[in-house]
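Whatever order the structure lists ligands and atoms in, that order sets their numbers, starting from 1. None of these values were measured; they are calculated from a predicted model.
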Amino acid sequence: MNQDIKSLIAQMTLEEKAALCTGASSWTTTPVERLGIPELTCSDGPHGVRRQANVHEMGAKSLPATCFPTASCVAASWDRDLVSQMGVALAEECIALNVDMLLGPGVNMKRSPLGGRNFEYFSEDPYMAGEMAANFINGIQGKGVGTSLKHFAANNQEFQRFSISAEVDERTLREIYLPAFEKAVKQAQPWSVMCSYNKLNGTFASQHKTLLTDILKDEWGFEGLVVSDWGAVRDRVAALQAGLDWEMPGPQDRRVKAVVEAVRTGKLDEAILDESVRRILRIVFKSQQTPKKGSFDVDGHHALAHKIATESMVLLKNNGILPLQGKHHIAVIGHAAEEAHFQGGGSSHINPTHVAVPFKELQNQAGDAELGYAEGYPADNSFRPEMIDQAVQIARSSDVAILYIALPTFKESEGYDRKDLDLTNQQVALIKAVSAVQPNCVVVLNNGSPVVMSNWIDGVAAVLEAYMMGQAGGAAIADILFGKVNPSGKLTETFPNQLNDTPAFLNWPGNCGVVRHGERLYIGYRYYDTRQVPVLFPFGYGLSYTTFSYSNASLSATSFLDTDGLTVSVNVTNTGKLAGKEIVQVYVHDQFSSLDRPAKELKGFAKVDLQPGETKTVSIPLDFRAFAFYHPEHRQWITEDGGFDILVGASSQDIRASLNVTLKSSLNLPCILDNESTLAEWMADSRGKIVVGPIYNLIETEARKLFGGQDRYGENKSDGDALGMGDIMDMMKDMPLVSVLMFQAGALPMPPEDMVAGLLAQAHSLG
Ligand code: BGC
């Protein structure tokens with residue numbers, strides 16, 4: 001096939017090649033009929049197929065498809081297999097709806113809970129997001145349908161999303177904003193990666209060669225095509241040069257002409273255009289191997305969406321009221337009970353095949369109980385006290401009140417960020433008024449990202465975070481409330497107490513065209529745990545109707561070589577009366593590091609299903625990257641010799657076992673000294689990896705003389721004495737070869753020019 005593509009490219013005219021690199025319509029590539037090059041059709045995702053009836057048009061209602069739970073919901077399942085099953089089902093719908101490539105998943109980090117599109121993203125943690133994305137992609141692509149991993153990169157807000165420059169230092173980029181993309185690319189090879197709208201450190205992502213070519217294609221080995229977000233390309237020629245293969249949407253005659261012109265005038269090397277053409281053709285022909293036809297299992301997929309929703313919802317508070325038992329009069333309150341709020345606004349909006357109405361689903365499972373209903377709050381932002389009065393009335397005369405509270409789309413959607421973390425004023429007043437008369441008050445939340453609860457949570461008996469739960473979510477809520485299913489979701493993002501506790505608070509959403517990621521690596525629990533800022537609900541948290549105990553936590557070794565990795569094992573027992581699922585999390589804490597590191601970082605997890613009384617051993621592998629950090633001076637991922645705490649937890653703040661292990665680094669890195677360093681500090685730091693073996697030995701011999709009592713000049717020096725630059729220079733004078741090598745290796749700061757000249761002369765004279 002490579003050969004065929006090569007010969008096809010040779011037969012294409014310059015105009016045809018340029019046209020192929022821009023879409024023919026909103027959702028299709030440009031076909032070349034005379035050469036038998038077909039068109040590829042893509043469609044929005046990520047949690048459903050938004051297939052326009054006419055793919056050559058942008059707007060218009062899409063064809064019915066299953067609306068699965070959105071990413072923030074499905075991630076809370078912590079279930080790799082379930083995410084992959086969702087991918088398989090999405091692929092089946094793509095095949096039936098004649099879609100070659102689904103635009104998703106989105107793996108941007110939830111830098112702030114204010115991000116308008118957080119509901120489309122998996123987590124505030126890059127490891128978690130990467131795991132979810134890789135499994136999602138493998139599920140879809142295993143069926144021969146493509147994906148588009150988006151939005152690459154540092155697209156963490158909606159404010160000025162088309163133009164803002166995200167200013168992110170290299171280490172933060174490598175450790176926080178890129179790893180989910182990296183894992184997905186390396187483990188699942190998405191057919192395409194979608195570049196984001198924003199600038200990264202001053203350069204549009206669509207024209208960012210370091211991002212699109214050097215890192216994505218060359219370093220990570222990405223084999224697919226890079227597509228622009230819709231309308232993200234400013235300068236088509238610059239974008240091609242940076243590695244942006246396919247511009248969307250089309251047609252864009254002016255851009256095609258600009259590319260042709262640039263090749264003709266020599267501004268653009270035709271080989272660059274050919275490489276993009278090759279990447280696009282490879283995917284176009286790959287998509288042809290999966291015939292698009294038939295129908296999909298509408299009921300089966302609805303049932304899967306239902307299952308995913310029940311596995312993903314997170315029980316945040318329960319004073320024992322749930323699961324509901326023996327309640328004869330149930331007050332059902334809230335607009336969202338009648339009109340399910342199950343997805344977010346914007347490009348991911350799906351036309352569902354069916355919607356489970358929460359009220360009806362509750363009724364189906366309520367048996368003999370009588371259900372009353374009050375709307376409680378309006379769909380718009382008006383304040384309607386009479387609706388609260390009505391709700392209070394029915395709540396007062398019931399055994400329990402269930403409040404369905406959905407964060408309205410005018411507060412959360414693609415296209416704008418949230419202004420605060422609050423529910424609407426009416427919703428807060430409603431919860432307070434109802435819980436004042438009814439202690440058995442259960443709040444069910446539908447939202448894509450955390451809300452604050454401090455002004456009402458103490459008054460209610462239970463809170464279920466049902467997220468944007470997909471079209472079947474209404475039934476999943478009923479399952480959990482009545483105990484048909486034991487809740488097992490856990491948060492993949494922190495719920496803060498208040499907005500001004502959040503890590504990006506002082507740097508959000510930026511101004512004058514720039515948003516500085518001043519909190520650096522410290523987003524989400526990395527920030528809260530390191531600063532010890534109290535939170536409402538921590539990362540990894542979620543309740544169950546049963547209880548679990550952890551025992552016999554152990555490691556496969558007490559010391560290990562980084563490249564060999566390590567396995568953590570722990571026994572988990574269901575100590576309650578109901579079957580349930582527990583999510584075991586492994587965090588790593590570096591006891592000493594030459595650069596600052598977060599207090600803990602998630603590096604592994606497993607979900608385990610247990611019958612009452614049952615015990616299972618969970619084993620979680622940790623690899624090199626679980627211990628490494630990105631060193632901006634070495635410009636690579638490094639490990640350092642030393643101790644680590646391996647923390648086994650039920651959440652980031654509920655650590656059940658802490659195990660100590662010693663890592664031996666396999667790396668032999670050049671030592672990096674800054675101008676303030678002294679040789680003594682350097683030598684005394686046994687963790688500093690000193691370069692270039694022979695040089696190290698020579699320097700060490702010299703240093704031993706120094707630390708031996710008297711130094712080589714007859715002065716008394718003890719081990720603790722620091723040597724100044726003067727001492728080092730003095731010593732170097734007698735070690736010309738060593739010093740020259742050291743300077744050249746960049747391990748020592750350059751001394752004055754005349755000294756270098758002198759040293760070099762001596763070195764030469766020594767031969
Ligand atoms: C969104 C993408 C989406 C594309 C096509 C853009 O505005 O950012 O996520 O895939 O539109 O609808």
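- Lys217 contributes a side-chain N or O that, together with a main-chain N or O of Gly243, makes up a donor-acceptor pair within less than 3.5 Å.
- Close approach of ligand 1 to Glu414 (heavy-atom distance below 4.0 Å) involves ligand atoms 1 (C), 7 (O), 8 (O).
- Judged by distance alone, the side chains of Thr494 and Glu124 do bring a donor and an acceptor atom under 3.5 Å apart.
- Set against the non-hydrogen atoms of Tyr197, the atoms of ligand 1 under 4.0 Å away are 6 (C), 7 (O), 8 (O).
- Each of the atoms 10 (O) of ligand 1 lies under 4.0 Å from some heavy atom of Met194.
- Considering only heavy atoms from C-beta on, Glu92 comes within 4.5 Å of His301 through its side chain.
- Within the structure, ligand 1 lacks Met248 among the residues with a heavy atom less than 4.0 angstrom away.
- Tyr127 and Phe605 have perpendicular rings, their planes meeting at more than 60° on a 0 to 90° scale where under 30° would count as parallel.
- Considering backbone and side-chain N/O atoms, Glu120 never comes within less than 3.5 Å of an N/O atom of ligand 1.
- When non-hydrogen atoms are compared, ligand 1 lies under 4.0 Å from the side chain of Arg50 (C-beta onward) but not from its backbone.
- Under 4.0 angstrom from ligand 1, there are no non-hydrogen atoms of Glu158.
- Taking every non-hydrogen atom of Arg161 and a distance limit under 4.0 Å, the qualifying atoms of ligand 1 come out as 7 (O), 8 (O).
- The distance criterion of under 3.5 Å between nitrogen or oxygen atoms is not met by Trp27 with respect to ligand 1.
- Under the 4.5 Å side-chain criterion, counting only non-hydrogen atoms from C-beta, Lys150 is not in contact with Asp229.
- At least one N or O atom of Lys150 sits closer than 3.5 Å to an N or O atom of ligand 1.
- No more than 12 heavy atoms of other residues, nucleotides or ligands shown are found within 6.0 angstrom of NZ on Lys143.
- Expressed to the nearest 0.5 Å, how far CD of Glu219 lies from CG of Asp214 amounts to 8.5 Å.
- The Asp229 neighbourhood of ligand 1 comprises atoms 1 (C), 2 (C), 3 (C), 4 (C), 6 (C), 7 (O), 8 (O), 11 (O), with distances under 4.0 Å to a heavy atom of that residue.
- Heavy-atom contacts of Leu103 reach the following atoms of ligand 1: 10 (O) (cutoff under 4.0 Å).
- Of the possible polar contacts, one joining the Asn135 side chain to the Glu131 backbone as a donor-acceptor pair under 3.5 Å is found.
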